[in-house]
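Here's the structure we're looking at; comments come further down.
For the numbers below, each heavy atom of this structure counts, side chains included, while hydrogens, waters and symmetry mates do not. When a residue number appears, it is its place in the shown sequence, counting from 1. Whatever order the structure lists them in is the order used to number ligands and atoms, beginning at 1.
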Amino acid sequence: MAAEKKERQPGDNIPRHIAIILDGNGRWAKRRGLPRTAGHAVGAETFRKIATYCKNIGVEYLTVYAFSTENWKRPEGEVKTIMRLLNKYLQEAIDTMERDKIRMKIFGDLAALTEEQRELVRRTDEISQRYEGFQANICLNYGGRDEIVHAARRYAADLAAGKAEGELTEEQFGAYLYSAGIPDPDLLIRPGGEQRISNFLLWQCAYAEFYFTDVLWPDFSPQELDKAIAEFQRRDRRYGKVK
Ligand code: FPP
């Protein structure tokens with residue numbers, strides 16, 4: 001049974017940053033004869049459970065892929081349900097962020113969101129600035145290539161305005177990404193049985209350890225997370241070097 005509350009200890013090798021592709025909601029629902037949207041509702045609850053568990057075991061950052069730049073092509077009713085769940089979640093998070101001292105950030109192109117959503121995002125940003133500690137990042141209208149292109153455009157604009165230097169380093173470029181100031185993911189988890197990255201955190205996952213499982217996201221539990229972390233702890237991370 002997974003422990004309720006563990007303090008992060010030096011040398012315990014808990015990943016600082018875990019990234020998760022939320023996959024399998026639709027199939028989970030279909031197997032139960034339910035509409036796909038029912039799977040998203042349970043998936044949103046699973047996210048809440050896993051975020052709390054991450055916070056309790058000493059993970060510092062959890063980044064989830066909730067809606068990609070390509071997901072707009074899904075049936076209108078499904079897109080609406082996902083957006084409604086995200087709005088509800090953001091609203092509830094705002095109500096509890098102060099109490100639980102958690103930080104939350106949205107990664108993605110916010111231009112396509114509604115004014116209501118942008119206002120919720122502004123509120124989460126403003127509350128987050130007051131705290132240090134666990135941070136959840138929700139990728140919304142997010143695409144890895146889109147993020148890199150946006151960053152390149154912003155850098156070019158700064159360069160033209162004399163606000164950036166011509167000699168661009170990887171570190172400087174990273175400051176133009178949505179993840180500015182956040183360490184790269186150590187562990188990328190994809191439930192749902194597929195083994196691909198699907199345009200998620202392309203820059204940031206350069207040295208992430210990948211963990212794939214057939215468990216569908218709504219069934220993902222703290223015990224499943226423990227299994228992924230145990231596998232991560234067995235990996236030998238060399239970053240291109242020889243030991
Ligand atoms: C992938 O499963 C899931 C999504 C595209 C949506 C994820 C969104 C939520 C869980 C809603 C709210 C999120 C948060 C973070 C509060 P799929 O539909 O591709 O599943 P399938 O592969 O089985 O069809």
Side-chain angles (χ1 to χ4, degrees), residues 17-55 59 61-97 100 102-110 112-114 116-117 120-121 123-124 127-128 134-144 146 178-179 185 188-201 212-222 224-225:
H17 185 172
I18 295 180
I20 309 182
I21 298 176
L22 310 182
D23 196 15
N25 294 345
R27 276 164 289 160
W28 183 92
K30 209 171 154 215
R31 282 180 199 174
R32 286 164 178 76
L34 299 168
R36 294 174 53 80
T37 46
H40 296 314
V42 178
E45 272 315 304
T46 305
F47 166 71
R48 190 196 303 277
K49 263 188 253 158
I50 294 298
T52 306
Y53 186 67
C54 281
K55 180 174 186 266
V59 172
Y61 301 91
L62 171 69
T63 304
V64 296
Y65 204 4
F67 199 83
S68 75
T69 44
E70 287 72 38
N71 286 152
W72 298 106
K73 295 176 199 141
R74 293 184 172 218
E76 199 188 328
E78 182 169 341
V79 171
K80 273 200 181 133
T81 301
I82 295 174
M83 288 301 155
R84 195 174 39 75
L85 284 167
L86 282 160
N87 289 5
K88 181 169 166 269
Y89 186 82
L90 285 176
Q91 188 60 64
E92 285 168 8
I94 286 169
D95 296 340
T96 56
M97 280 169 81
D100 298 346
I102 56 163
R103 291 183 292 166
M104 202 161 81
K105 211 168 153 41
I106 306 299
F107 289 0
D109 181 4
L110 305 184
L113 303 185
T114 63
E116 181 198 355
Q117 282 175 319
L120 291 173
V121 172
R123 290 282 327 277
T124 57
I127 299 171
S128 297
F134 178 75
Q135 177 168 330
N137 304 308
I138 299 180
C139 295
L140 186 49
N141 192 27
Y142 174 89
D146 187 64
Y178 300 128
S179 56
L188 169 76
I189 301 175
R190 181 164 191 157
E194 312 287 358
Q195 302 199 356
R196 53 177 171 259
I197 193 163
S198 299
N199 205 13
F200 187 43
L201 302 177
F212 300 104
T213 169
D214 289 337
V215 172
L216 303 175
W217 174 249
D219 287 329
F220 200 86
S221 59
E224 295 298 331
L225 190 73

Next on the checklist: With heavy-atom distances below 4.0 Å as the criterion, list the atoms of ligand 1 near F47.
Outcome noted: 15 (C)
Checklist entry - Based purely on interatomic distance, does W28 place a nitrogen or oxygen under 3.5 Å from a nitrogen or oxygen of ligand 1? => result no
Item to check | Element-labelled atoms of ligand 1 that are located less than 4.0 Å from some non-hydrogen atom of N71 | outcome: 5 (C)
Checklist outcome for this item: With heavy atoms and a 4.0 Å threshold, my read on which part of R74 contacts ligand 1 is side chain
Item to check | Sole candidate of W217, F107, Y142 that passes ring pair (Phe, Tyr, Trp, His ring centres under 6.0 Å) when paired with Y65 | outcome: Y142
Checklist entry - How does R36 reach ligand 1, if at all, at less than 4.0 Å between non-hydrogen atoms: by side chain, backbone, both, or neither? => result side chain
Item to check | Under-4.0 Å salt bridge between E92 and K88 | outcome: yes
Item to check | Salt-bridge present (K49, E45; N to O < 4.0 Å) | outcome: no
Next on the checklist: Test your reading of the structure: does W217 have an N or O sitting under 3.5 Å from an N or O of ligand 1?
Outcome noted: no
Next on the checklist: So for ligand 1, is V64 a polar contact partner (N or O within less than 3.5 Å, distance only)?
Outcome noted: no
Checklist entry - Quick one: does Y65 get an N or O within less than 3.5 Å of an N or O on ligand 1? => result no
Checklist outcome for this item: Contact region, L216 to ligand 1, non-hydrogen atoms below 4.0 Å, reads neither
Next on the checklist: Which of the numbered atoms in ligand 1 are under 4.0 angstrom from any heavy atom belonging to A66?
Outcome noted: 4 (C), 5 (C), 6 (C), 7 (C), 8 (C)
Item to check | Nitrogen or oxygen atoms of I138 and ligand 1 under 3.5 Å apart | outcome: no
Checklist entry - Is the cationic atom of R31 (NZ for Lys, CZ for Arg) positioned less than 6.0 Å from the six-membered ring centroid of W28 and within 45 degrees of its normal? => result no
